[in-house]
Amino acid sequence: TAPVGIFQSDAQGMITWVNTRWKELMGLTGDESLGMKWRETIHADDRDRVLDAITLKTEVTPNAMADYRIMRGDGSTLTLHATATPLLTAQGETGGILGTIMDITQRKVAEERALKLEAERQRIRVLGEFIRDTSHDLRTPLTVIKSGLYFIRKLTDLDRIRERAGLIDAQVDYLNIVIEQLQEMATLDSLADLTLVTLDIGPLLQDAVQDAYFKKRETPAAVEVDIAKDLPPAYAAPDRLISAFRAVLDNARRYTPAGGLIKVQARAEDGQVVITVADNGI
């Protein structure tokens with residue numbers, strides 16, 4: 001009558017006993033259960049991970065726990081929280097396993113919904129900040145263009161007219177960049193054409209640092225690059241990733257004064273690549 005499923009297996013992993021709740025969760029009868037290996041009840045996609053969590057070489061880790069999916073007898077899927085305790089022989093060897101399983105499917109569904117909701121909130125927040133900042137980025141060049149046109153109409157000195165026209169031309173170029181960023185934001189927001197591949201990110205970052213953002217433009221600040229040699233492979237969209245990286249570099253370049261320092265670092269952390277761009281500008 002226990003509210004959790006309970007099973008027992010022998011030293012070879014064969015199930016030798018199950019309670020009523022175990023059979024209900026698995027969607028199997030007692031006859032179907034006995035003689036099958038308990039590891040076969042684990043969903044194939046989760047099996048290696050669970051076995052690594054529960055076993056240490058051939059021995060069972062005491063009080064091991066894991067969450068995993070099962071494929072029931074009727075083809076449906078459940079998510080379970082399982083515990084496994086070794087049953088020791090008189091010689092102290094593992095003679096079997098006493099395990100319990102508990103249905104946490106609804107809890108997992110609720111957790112996934114909460115994560116998706118929080119992700120959507122963050123997306124809306126970032127989008128709102130982007131729109132606010134872009135509005136400012138549009139307003140400034142438009143003001144310069146408007147004032148430049150006003151002075152051009154009033155001026156008679158050709159040199160000063162050319163100077164004002166050059167300022168207007170530069171602001172138009174800047175507006176084109178902002179519009180391209182808006183288009184990029186719309187594309188990234190939909191993730192419609194995001195193609196992810198496994199890549200070595202170190203050389204890509206090196207190239208980005210050496211390209212037009214620092215090589216062909218005047219960069220009064222010094223640039224210090226520290227890209228670790230042991231970076232793990234990254235799973236990313238290379239063109240989008242480098243575009244974002246260049247945007248951060250360009251921001252550092254534009255707002256770091258002469259004599260300043262821009263530090264670019266890439267390191268491995270918990271199996272991921274962490275990229276940092278730091279400067280001492282405003």
Side-chain angles (χ1 to χ4, degrees), residues 43-46 48-49 69 108-109 111-138 141 172-217 219 221 223-256 261-279 281:
H43 194 289
D45 293 343
D46 296 344
D48 289 343
R49 173 180 59 81
R69 294 166 295 164
K108 285 294 184 180
V109 170
E111 289 175 355
E112 289 176 5
R113 286 176 179 170
L115 286 173
K116 289 179 180 178
L117 181 60
E118 180 60 25
E120 183 64 15
R121 286 174 178 162
Q122 293 293 336
R123 190 188 72 84
I124 293 173
R125 180 185 63 80
V126 170
L127 190 59
E129 292 177 355
F130 180 80
I131 292 172
R132 183 195 64 212
D133 294 342
T134 303
S135 298
H136 172 76
D137 287 345
L138 290 171
V172 170
D173 289 341
Y174 179 70
L175 284 174
N176 282 327
I177 293 175
V178 173
I179 291 171
E180 288 176 1
Q181 290 176 343
L182 284 170
Q183 293 173 332
E184 182 83 357
M185 185 69 175
T187 301
L188 292 176
D189 191 50
S190 66
L191 298 180
D193 61 346
L194 206 59
T195 302
L196 303 178
V197 297
T198 302
L199 54 90
D200 183 0
I201 202 172
L204 288 180
L205 298 183
Q206 289 281 11
D207 291 344
V209 173
Q210 297 299 326
D211 76 356
Y213 281 87
F214 285 92
K215 191 174 182 180
K216 297 179 182 178
R217 299 186 185 186
T219 307
V223 182
E224 183 180 295
V225 181
D226 180 17
I227 298 178
K229 303 294 185 184
D230 60 344
L231 295 179
Y235 190 57
D239 53 341
R240 301 295 181 189
L241 181 64
I242 293 304
S243 177
F245 182 61
R246 285 173 172 169
V248 178
L249 287 175
D250 192 44
N251 179 274
R253 181 194 62 79
R254 287 189 287 119
Y255 293 106
T256 304
L261 177 63
I262 300 170
K263 292 184 178 181
V264 178
Q265 183 185 55
R267 68 183 187 279
E269 186 174 298
D270 297 329
Q272 296 183 321
V273 179
V274 179
I275 305 168
T276 304
V277 178
D279 63 74

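Here the structure is a predicted model, which means the values were calculated and not measured. We use all heavy atoms of the structure for the numbers below, so side chains are in, but hydrogens, waters and symmetry mates are not.
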Mark yes when over 12 heavy atoms from residues, nucleotides or ligands other than Gln272 sit less than 6.0 Å from its CD; otherwise mark no.
-> no
For Glu120, side-chain hydrogen bond (donor to acceptor under 3.5 Å, both in side chains) partners two or more places apart = Arg123
Would you call Glu118 and Lys116 a salt bridge, using N to O less than 4.0 angstrom?
-> no
Could Arg246 and Asp250 be called an ion pair, given the rule that one side-chain N must be under 4.0 Å from one carboxylate O?
-> no
Closest heavy-atom pair, Arg267 versus Thr276, reported as atoms and distance to 0.1 Å, is NH1-OG1, 3.6 Å
Tightest non-hydrogen contact, residues Val274 and Glu269, listed as CG2-CB, 3.8 Å
Quick one: list whatever passes side chain to side chain contact (heavy atoms under 4.5 Å, CB included) with Asp200, sequence neighbours left out.
-> Pro203
Derivation of the side chain to side chain contact (heavy atoms under 4.5 Å, CB included) call for Leu241 and Ile201 | CA-CA 9 Å; Leu241 181 64; Ile201 202 172; 3.2 Å; yes
Straight-line distance of Leu196 CG to Tyr235 OH, nearest 0.5 Å | 5.0 Å
Mind running side chain to side chain contact (heavy atoms under 4.5 Å, CB included) on Ile275 and Leu205 for me, showing each step along the way?
-> CA-CA 9 Å; Ile275 305 168; Leu205 298 183; 4.0 Å; yes
Is a side-chain donor or acceptor of Ser243 paired with a backbone partner of Asp239 at a separation under 3.5 angstrom?
-> no
Does Leu261 reach the side chain of Asp279, with side-chain heavy atoms less than 4.5 Å apart?
-> no
